[in-house]
There are 2 protein chains.
Amino acid sequence: MQLVREPDAEAALAFLQTELAGLALRRGHLVQAVGECEVQYQGRARSMLTKGERLLVLKPDGTLLIHTAKGAKPVNWQPPGASFAVAVEAGRVVLSSHRAKPEEIVRVTFHSVRLLVAVPLTDGADLAVEGTEDDLQNLLRQRPHLVEPGFVPSLRERTSATGRYDLDGHDAKGRRLVVECKRATAGVADAQQLWRYVERLRRTEPTVRGVLVAPRVAEKARLLLAEHDLGWRELDWATALPQSQEVRRSGQASLGRFAQEEPQVSAPVLQPRAEAAVVRTA
Amino acid sequence: MQLVREPDAEAALAFLQTELAGLALRRGHLVQAVGECEVQYQGRARSMLTKGERLLVLKPDGTLLIHTAKGAKPVNWQPPGASFAVAVEAGRVVLSSHRAKPEEIVRVTFHSVRLLVAVPLTDGADLAVEGTEDDLQNLLRQRPHLVEPGFVPSLRERTSATGRYDLDGHDAKGRRLVVECKRATAGVADAQQLWRYVERLRRTEPTVRGVLVAPRVAEKARLLLAEHDLGWRELDWATALPQSQEVRRSGQASLGRFAQEEPQVSAPVLQPRAEAAVVRTA
DNA sequence: ACGTACATGTCGCTG
DNA sequence: CAGCGACGTGTACGT
């Protein structure tokens with residue numbers, strides 16, 4: 001781990017040159033810089049950020065992040081795959097990041113550097129998120145009655161030539177039934193996505209039905225669905241998440257995936273701290 | 001600026017407690033921690049990240065970011081507005097972050113801490129991005145022939161009761177013309193967005209036309225547009241960006257906004273560095 | 001607070 | 001490589 005406080009331009013240049021080279025070669029150091037800087041960006045769009053104190057993060061994969069004191073999104077950034085260059089121009093350290101496709105450049109000019117850090121960052125394991133749309137899909141495959149009584153989902157994969165819908169099958173009367181599901185509140189755009197699929201299918205098979213399944217369906221979305229003779233179903237599946245996880249594993253196993261490779265971790269229920277210990281920010 | 005290397009659990013606790021309190025009160029310190037940790041998340045979804053070396057960033061506004069060595073997106077995070085709490089449990093420093101709405105908790109358990117940093121971060125200025133969809137809209141307002149010859153945009157604001165479209169007006173033959181524009185390649189969803197607006201309007205005014213304007217329109221999007229009697233126009237407006245900026249300022253001025261408050265900065269053209277100086281990462 | 005649309009979205013997958 | 005869809009999307013804006 002390397003640490004430099006308040007380096008001058010030359011020292012900062014030397015540090016960054018060394019670290020960026022090492023970053024490219026050994027691939028495993030995360031480099032940070034805190035200091036007063038301007039940022040220019042040009043690529044898919046264009047921006048200019050005037051002087052201010054910010055945090056820069058450089059990752060071994062070429063990611064560049066520039067964070068201010070506010071917000072989850074970096075004020076400027078470069079996605080993975082970019083290359084770095086560092087130089088001193090007119091007495092100031094300039095770090096530039098270049099991405100080839102699409103052609104994008106981020107240029108950071110430091111007026112002063114407060115801190116430079118380089119630490120090896122070993123990545124633990126991949127993150128498995130539970131509660132995705134995929135989980136909802138598998139839940140509905142296992143418990144089709146949650147869509148509607150008598151629904152029988154087809155076994156074939158969701159991948160289809162034309163459009164691919166989340167789930168399809170047949171209802172109690174043998175009519176084709178297409179299901180679109182959303183992990184959160186469904187809006188107009190989601191309703192229209194279902195409409196698009198169904199509309200196409202109805203040309204050759206006019207009796208095709210469509211149902212939108214989500215924890216909540218917005219009013220406008222309902223209107224659109226009603227207008228086009230589509231249905232919806234509000235399903236609070238969050239309560240069934242632990243069960244859905246069971247479903248997910250067995251569901252994936254039945255799809256021929258490697259269930260034994262699934263990390264069998266399950267996050268315990270988290271509770272907010274007692275008031276006394278909490279530090280409020282907002 | 002505060003720096004602590006390799007603190008034990010007690011020292012880390014003391015540091016974080018002090019800094020988080022200061023963070024809440026004075027609002028201006030960015031706190032970082034690098035170390036081996038596990039992360040649990042529960043809220044809109046749920047996840048569990050096993051032990052590994054990561055970078056944590058805490059912002060004065062309650063933002064929490066947890067970054068691994070790869071990718072632009074944090075592996076776990078908390079958006080602005082969350083509150084923090086720190087404690088030692090079973091000899092390990094535990095940092096938890098709580099968000100009220102939606103109810104979300106991130107819990108970070110440190111097995112070891114390599115580095116703690118706290119720096120004041122003064123935010124410079126807001127970022128103005130050039131090349132947004134808004135810029136394209138204003139360009140088209142100024143040069144309506146880019147949509148099609150004879151197009152006369154209406155003056156009224158884009159805000160409409162039912163759906164709000166980017167631009168509307170009348171064509172050379174006096175027919176209502178609705179324009180949807182996209183800053184980048186337009187896909188099926190974008191075509192469908194236009195369709196949604198036009199379809200509603202056509203109920204009362206069957207002659208309404210619709211045009212999708214974008215630098216590129218995907219093949220499937222074109223098909224959908226054609227099927228519903230909608231048009232499209234591919235327009236490489238990136239080349240006209242500097243002009244569009246002129247347009248933007250005057251356009252906004254004419255809309256009654258405060259043009260003098262617009263930062264008149266304009267990003268110079270950036271060029272990639274010479275090969276020799278570049279450090280490749282990919 | 002909720003819904004809607006944009007984003008330098010990012011990311012993963014499929015053709 | 002392009003397109004398409006999901007995301008714990010985040011973020012701003014309008015109702």
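Note on naming: letters A, B, ... go to the chains in the order of the sequence lines (proteins, then strands), and numbering restarts at 1 for each one.
- For C/dT4 and C/dT8, the P atoms lie 23 Å apart once the distance is rounded to whole Å.
- Using modelled atom types and a 3.5 Å distance limit, the side chains of B/H67 and B/K73 yield no donor-acceptor pair.
- Closest to the side chain of B/K73, from the set D/dC4, D/dA6, C/dT10, is C/dT10.
- Closest to the side chain of A/R183, out of C/dT10, D/dC4, D/dT9, is D/dT9.
- A donor N or O paired with an acceptor N or O is not found under 3.5 Å between the base of D/dG8 and the side-chain atoms of A/E133.
- For A/A72, the side-chain atoms get nearest to D/dT11 when compared with the rest of D/dT11, D/dA2, C/dT8.
- Each of D/dG10, D/dC7, C/dA1 was ranked by its minimum atom distance to the side chain of B/K101; first place goes to C/dA1.
- Residue B/Q78 is in base contact, counting any heavy-atom pair closer than 4.0 Å across all strands shown.
- Phosphate proximity of D/dA6 to B/R44: absent, as no side-chain N or O sits under 4.0 Å from OP1 or OP2.
- With no hydrogens or angles considered, a side-chain donor-acceptor pair links B/D61 and B/T63 at under 3.5 Å.
- Residue contacts for B/E104: at a heavy-atom cut-off of 4.0 Å it reaches a base atom on one of the strands shown.
- With pairs defined as Watson-Crick or G-U wobble and both atom distances under 3.5 Å, the stems of at least three pairs that touch DNA chain D come out as C:1-7 with D:9-15, C:9-15 with D:1-7.
- A donor atom on one side chain and an acceptor atom on the other are found under 3.5 Å apart for A/H98 and A/E103.
- Residues satisfying the salt bridge (Lys or Arg N to Asp or Glu O under 4.0 Å) criterion with A/R99, sequence neighbours excluded, are A/E104.
- Within 4.0 Å of A/G187, counting heavy atoms only, lie sugar-phosphate atoms of the nucleic acid but no base atom.
- Distance from the side chain of B/N76 is smallest for D/dG8 among the nucleotides D/dG8, C/dT4, C/dT8.
- Nearest nucleotide to the side chain of B/K220, out of D/dA6, D/dC4, C/dA1: D/dC4.
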